[in-house]
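None of the values given here were measured: they were computed from a predicted structure. Computed over heavy atoms, backbone and side chain alike; hydrogens, waters and symmetry mates excluded.
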Amino acid sequence: MGSNNWRNTKRKCLVASVALTLVLVGCSRGANPNAADDADEQPAETSDEGGSPAETTVAPTTTEPPPPELSDLRTDPVFAGSNSEADINAAIDVMTENSFDYNADGLSTGIGDCSQLNGGFLSQFLGVELVVLPDGSQLTQRPYLTCKLVAANDPEKLLGQIHFSPDEDGFGPGWRSMNNSGENLTPVAGLGDSAGWSEGAENQQFFSILVVVQAGTQSAIEFRNPDGTLFAPGKIPGMIGALSQATADISSP
């Protein structure tokens, strides 16, 4: 009897001991369930001073709008200015502020044809509704190009011409045979490498002219505003915008 009681007591103690051991093991594991994962993790990156973690630099995003197209400026009042020095300089300032120039690379690698010129845009720069036609006189031949600007309501009425040259030979034999030889021009600073203009004379029926030279290429516009049956000189500010637009058009792929 006493022996059985002792065995029972010993059995209970053994069970209690096993249970306690399981509890202790479970508590030890439950104290940090991610201990194994933590051991595999790399230490956080810190700054050179050994303090807080290094910050990641994020490049700021730009909110500046893209530059406007030249055609976006065609209705700017500056291009309707007179041929005074102040008005001409104001038109050049608008061109410079918007980084518009004469495409020497495009002209030197291959001039297109007159169909590439946007007559509507040119009309707004020049203040006269016109149509662009190829020059049929054969005075200007490849690699040079001349395009005629005629009145929209009268294709026989020549308002002006635009000339393009991929080199320094001017605009071919046809250009050199014309009255407007481009000589004795008033210099214009800020257009291409060099530029000059002259206002046409009424008694000689000359067109006003603007010539721009850039990196060996040349472009020019001759123009007169229709004023009934009278001759009216072309406005150089508008001719600046029109020649820039035409050069961009003709030299684009």
Side-chain angles (χ1 to χ4, degrees), residues 70-71 74 102-183 185 191-192 195-201 204-214 216-227 231-236 238-253:
L70 178 58
S71 57
R74 63 189 183 276
Y102 297 82
N103 189 345
D105 289 340
L107 290 180
S108 64
T109 55
I111 296 174
D113 57 61
C114 297
S115 65
Q116 293 176 232
L117 271 61
N118 188 315
F121 289 168
L122 299 182
S123 295
Q124 290 181 292
F125 277 117
L126 296 168
V128 178
E129 189 174 357
L130 56 81
V131 175
V132 181
L133 297 176
D135 176 41
S137 67
Q138 301 300 315
L139 290 177
T140 305
Q141 299 180 4
R142 294 291 182 181
Y144 313 103
L145 179 68
T146 293
C147 301
K148 297 192 301 183
L149 307 177
V150 302
N153 59 357
D154 184 1
E156 300 299 320
K157 190 172 188 179
L158 182 65
L159 302 180
Q161 302 178 92
I162 298 182
H163 310 274
F164 304 97
S165 171
D167 53 39
E168 297 180 352
D169 288 339
F171 306 97
W175 171 263
R176 290 191 289 273
S177 69
M178 298 169 65
N179 289 330
N180 282 348
S181 62
E183 299 175 354
L185 301 180
L191 293 181
W197 71 278
S198 177
E199 188 176 86
Q204 295 175 315
Q205 294 290 294
F206 280 4
F207 294 95
S208 297
I209 185 172
L210 171 71
V211 180
V212 177
V213 178
Q214 181 166 329
T217 68
Q218 300 182 52
S219 54
I221 180 171
E222 299 176 276
F223 195 72
R224 63 180 179 184
N225 287 307
D227 185 13
F231 171 83
K235 294 182 178 180
I236 300 302
M239 291 166 63
I240 289 173
L243 183 58
S244 303
Q245 180 70 56
T247 306
D249 289 342
I250 209 73
S251 58
S252 62

Only counting residues at least two apart or in another chain, list the ones meeting side-chain contact (heavy atoms from CB on, under 4.5 Å) with [X].
X    : value
L133 : V131, K148, V150
V213 : S194, Q218
A246 : L117, L122, I162, F164

note = Those residues at least two apart in sequence (or on a different chain) that pass side chain to side chain donor-acceptor pair (under 3.5 Å) with N118 are none
Minimal non-hydrogen separation, [X] against [Y], with atom names:
X    : Y    : value
E222 : F207 : CB-CB, 3.7 Å
I111 : P143 : CD1-O, 3.7 Å
P166 : T217 : O-CG2, 3.7 Å

Roughly how far apart are [X] [atom1] and [Y] [atom2], rounded to 0.5 Å?
X    : Y    : atom1 : atom2 : answer
I209 : I236 : CD1   : CD1   : 9.0 Å
L243 : I250 : CG    : CD1   : 11.5 Å
F223 : M239 : CZ    : CE    : 8.0 Å

Would you confirm whether [X], through its side chain, and [Y], through its main-chain N or O, come within 3.5 Å as a donor-acceptor pair?
X    : Y    : result
S123 : L130 : yes
N225 : P233 : yes
Q116 : D113 : yes

With a 4.5 Å heavy-atom cut-off, do [X] and [Y] have their side chains touching?
X    : Y    : result
L158 : L149 : no
C114 : L145 : yes
S165 : Y144 : yes

